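For reference, the structure discussed in these notes is given below.
Predicted model, so just to flag it, every value in this text is computed and none were measured.
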Amino acid sequence: MQFVVLILGIALLLFLIIRVKLNTFISLILTAVLVALGLGMSPAKVADTITTGIGSSMGELSIVFGFGAIIGRLVSESGGSYRIAQTLIRVFGKKRLQLAVVVASFILGMSMFFEVGLVLLTPLVFAIALEAEVPFLYLGLPMVAALSTTQAFLPPQPAPTAVAGALNANVGQVLVYGIIVAIPTVIVAGPLFQKLAARYAPETFVIKKSLPAFGEVKQFNLEDTPGFGISLLTSLFPAIFMAATSIFEIATKTTSITGGHGLKAYMAMIGSPEVAMLISLLFAIWSMGLHQHRSMADINKIVGDSLKSIVMLLMIICGGAAFKQVLINGGVGTAIQHLVSNVNISPLILGWIIAVILRIALGSAAGASMTAAGLVTPLMLATHADPAMMVLAIGAGSVAASHVNDAGFWMFQEYFDLTVKQTLKIWTVLETVLSVVGLCCVLILNAIVH
């Protein structure tokens with residue numbers, strides 16, 4: 001029954017957004033209420049469930065999104081994005097721009113949450129696409145493919161690190177195997193898939209002069225813009241802090257800090273996305289504002305404009321979080337557990353299948369990963385499957401078929417200025433390609449190693 005309600009709920013949501021053209025946030029909240037009732041949730045708990053989902057999402061993302069939008073707008077308004085774009089075009093040439101974007105996104109993605117990477121890299125990649133006179137998706141798809149792949153496979157990202165701990169897998173081994181799996185996966189899901197997407201969805205591959213989430217990209221005289229080094233440093237400052245913390249944790253074998261005032265505690269603080277973004281924002285106000293002879297009045301105007309541009313995006317993400325919380329509290333995860341409890345199949349493939357089902361049902365990649373890890377642990381122990389390979393198989397499944405109950409879906413739609421239908425054709429298919437290719441690479445690597 002839970003699956004029937006889930007399917008009907010998704011169908012209703014798509015109908016409201018695509019056919020009725022009701023505001024996406026309103027559609028998400030309305031669908032969440034109806035699905036909650038359909039799952040048998042007490043009417044008295046529906047409101048609390050929705051506010052819990054929204055609260056958890058806002059608490060995690062508001063600072064990251066808000067500060068990230070301000071940093072991106074400061075770099076853009078000062079001409080820093082223009083300088084970076086011009087420099088990369090000159091160094092790599094148009095033919096190798098995709099390679100430059102993939103490498104940069106892959107490196108940054110290892111130390112940054114997907115949301116943070118998307119917030120910081122999207123305005124830069126858009127500026128590069130604009131200056132190179134190529135469609136935004138030509139460079140945008142390789143960017144998000146690289147970011148999403150690192151989230152699925154590579155510690156110290158939260159999901160693979162947590163699953164490795166749950167399955168008692170060696171984190172260093174997961175990282176080495178993960179890089180081997182991630183490289184061909186990014187190539188296929190990024191540059192190669194981009195060529196396919198351009199054929200079956202050509203209407204999305206157009207050259208855009210502006211993005212609603214970031215505003216119109218201004219034209220500058222190159223000599224009047226900030227230097228390449230300080231522009232790049234400002235853009236990547238959050239990544240530097242988070243990467244330094246990750247390296248420190250690996251070097252000192254630190255997994256988590258809950259108290260104290262020593263070096264480890266301070267490293268944990270500055271490496272958190274919220275504090276890293278705060279420090280980076282303060283640096284951006286100086287490097288792209290005061291240092292460029294802008295007044296505080298001008299800087300505050302940029303801050304206000306940038307925050308206004310992401311209000312609807314945050315609301316949509318909150319609506320998706322409310323929908324996800326309803327599915328979790330409504331017992332959809334438990335229903336899936338019962339569905340696969342007696343399936344006789346390879347533990348790696350089963351782990352992938354469970355993660356895919358959970359991902360489609362719940363929307364959360366991290367939630368799908370951890371739930372799948374708990375379900376496959378007994379089978380993994382019984383069949384002596386490689387824990388590191390199991391982590392990667394689950395990671396591959398956890399990113400499949402992202403759709404309307406996933407915050408990443410709405411981020412991609414808003415940032416790339418697409419319709420819901422176009423987002424399903426591009427983003428949902430890209431994530432599924434990434435998932436399938438990732439599983440194939442895991443199975444091939446497992447056969448070689450064992």
Is it true that [Y] and [X] share a donor-acceptor pair across their side chains at a distance under 3.5 Å?
| X | Y | answer |
| --- | --- | --- |
| Ser306 | Arg73 | no |
| Thr423 | Trp410 | no |
| Ser287 | Thr234 | yes |

Contact check, side chains of [X] and [Y], non-hydrogen atoms, under 4.5 Å:
| X | Y | value |
| --- | --- | --- |
| Thr185 | Phe153 | yes |
| Leu141 | Phe412 | yes |
| Phe67 | Ser280 | no |
| Leu418 | Lys425 | no |
| Val102 | Pro191 | yes |
| Leu392 | Val174 | yes |

Checklist line | Partner residues of Phe136 under the ring-ring contact (aromatic ring centres under 6.0 Å, His included) criterion, sequence neighbours left out | finding: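 ring-ring contact (aromatic ring centres under 6.0 Å, His included) list for Phe136, sorted by chain: Phe126, Phe416.
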Note to self: Could you work out, with ring-ring contact (aromatic ring centres under 6.0 Å, His included) as the rule, every residue matching Phe283, not counting sequence neighbours?
What the structure shows: Phe237, Trp286
Check: Taking Ser435 for the side chain and Ala396 for the main chain, is one N or O donor matched with an acceptor at less than 3.5 Å?
Finding: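 Yes: the side chain of Ser435 pairs with the backbone of Ala396.
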Item checked: Charged N-O contact under 4.0 Å between Lys301 and Glu77 ->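 A salt bridge is absent here (no side-chain N lies under 4.0 Å from a carboxylate O).
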